[in-house]
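Since we're looking at a predicted model, the values are computed, not measured. Heads up: numbering here begins at 1 and tracks the sequence.
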Amino acid sequence: MVVSEHPDFSTEEARRIIDDIASYAKPVVVLTGGEPLLRKDVFELAKYGMEKGLRMCLATNGTLVTDEVCGKIKESGIRMVSLSLDGASDAVHDDFRKQKGAFAGTINAARLFKKYGIEFLVNSSFTKRNQSEIPKIYRLAKELGATAWYMFMIVPTGRGKEVMEELISKEDYEEILKWHYEMEKNEKDILVRPTCAPHYYRIVPQMSKKEGEKFERRTLKFSTGGAKGCLAGQLIALINVDGDVLPCSYFPKPAGNVMKQSFKEVWENSELFKELRDFKKYKGRCGSCEYINVCGGCRARSYTVYGDYLEEEPFCGYVPRKVKSEK
């Protein structure tokens, strides 16, 4: 569960939504934004959620992290903090983020988290501009002492639409995921996960079967466990500043609104969520794919590229056995 924070989202309303969620389930809740540290009540809300039995986390760009902020993170009961790192140097990261000094802020935050014993993970997003940085950022995340490193494959929604021409090709995408498989197979020091890359869960059984090995994955103790593929509307959702419940951070179509309905009602009865969970309705190659149950394809990419979230994953080049047999 991701809750997008904003100054116009009142403390009272945030508490009410936390109560609503906690009355139904006890998910991981990530306070994000924008920049959640701009909110004066962010630690109050984190503590409130923790007291309700929710596992509270924070997503920050790191630039506002200080010794004092670290003390408040620990006091509030926040379990994990995520940082974004999109380059192994200031030249690459600052260019990617279009913000001078962003890299220094992230590195400083990581060092402060390490100093105060705060667990943190590193999220890294990739396009053609920085795909050559992938192994370097992975190594840097380890050096910084991150608990986990999540490799995000950009989804072209929101501001991501501007980078359509920069999106990594299908062919490179496949090779990057194969690289991740080989890296993850031998990684013992840091948890790793390709994110917004559901066809990784096709590549894993394909490659492990070819090698005659069983591939064991580790997960964060409070993560989605053994969940695979596209999690949008399956195991995650985002509540934005207007109370809209979206399938994920990159999927702009709301399933409902917690200002008008309970979260339980949206999660269980929304037509959008019901369709996303019904693999029999998926179209194109995804609908014919033998890996549909472990992959599912990125529904946000399908929605952006085709205007139909049930269409095939546009950045997967795999041809299912069923499709081959029909030719």
Side-chain angles (χ1 to χ4, degrees), residues 2-7 14 28-51 54-126 130 133-152 187-193 195 218-223 249:
V2 180
V3 179
S4 181
E5 295 292 356
H6 189 280
V28 174
V29 174
V30 182
L31 300 174
T32 182
E35 174 49 60
L37 291 179
L38 289 172
R39 283 192 67 119
K40 294 180 180 179
D41 63 354
V42 66
F43 297 113
E44 176 188 340
L45 294 177
K47 188 173 183 179
Y48 186 76
M50 182 268 294
E51 290 170 349
L54 304 175
R55 292 161 289 182
M56 304 299 290
C57 300
L58 180 77
T60 175
N61 63 24
T63 57
L64 299 178
V65 174
T66 61
D67 292 86
E68 182 183 2
V69 165
C70 287
K72 291 179 178 179
I73 287 173
K74 298 200 74 166
E75 183 184 356
S76 68
I78 287 171
R79 299 279 298 279
M80 178 72 71
V81 182
S82 69
L83 293 168
S84 293
L85 191 59
D86 306 313
S89 68
D90 53 359
V92 179
H93 180 81
D94 291 2
D95 175 69
F96 193 89
R97 289 277 155 180
K98 293 181 170 55
Q99 181 65 51
K100 188 174 177 58
F103 181 78
T106 299
I107 298 300
N108 180 62
R111 288 173 177 157
L112 284 171
F113 292 153
K114 195 67 179 172
K115 174 183 175 181
Y116 288 97
I118 297 169
E119 284 199 274
F120 68 97
L121 64 86
V122 171
N123 292 324
S124 302
S125 299
F126 296 101
N130 66 338
E133 293 276 293
I134 291 175
K136 298 176 188 177
I137 299 174
Y138 155 63
R139 289 193 293 270
L140 179 55
K142 289 181 68 172
E143 290 169 9
L144 291 170
T147 298
W149 176 64
Y150 290 173
M151 181 181 76
F152 275 75
E187 178 54 61
K188 305 297 182 187
D189 301 323
I190 186 172
L191 296 165
V192 292
R193 174 187 292 170
T195 306
R218 297 184 299 147
T219 59
L220 290 171
K221 57 190 174 185
F222 52 86
S223 73
S249 308

Could you pull out all residues at least two apart from [X] that satisfy salt bridge (charged side-chain N to carboxylate O under 4.0 Å, His left out)?
X: Lys72; value: Glu68
X: Glu143; value: none
X: Lys142; value: Glu187, Asp189

Answer whether the closest heavy-atom distance between the side chains of [X] and [Y] falls below 4.5 Å.
X: Asn123; Y: Thr195; value: no
X: Val69; Y: Leu64; value: no
X: Phe113; Y: Leu144; value: no
X: Asp67; Y: Lys115; value: yes

### Query
When rounded to the nearest 0.5 angstrom, what is the spacing between CE in Met151 and OG in Ser124?
9.5 Å
### Spacing of Ser84 atom OG and Phe152 atom CZ [to the nearest 0.5 Å]
8.0 Å
Are the side chain of [X] and the backbone of [Y] linked by a donor-acceptor contact shorter than 3.5 Å?
X: Glu119; Y: Met80; result: no
X: Thr106; Y: Asn61; result: yes
X: Asp94; Y: Gly101; result: yes
X: Asp86; Y: Phe96; result: no
X: Ser82; Y: Leu121; result: no

### Task
Return the orientation label for the Trp149 and Phe126 ring planes: parallel under 30°, perpendicular over 60°, tilted otherwise.
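Trp149 vs Phe126 ring planes: perpendicular.
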### Message
Using every non-hydrogen atom in the two residues, find where Ala46 and Ile78 come nearest and quote the distance to one decimal.
### Response
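The answer is CB-CG1, 3.7 Å.
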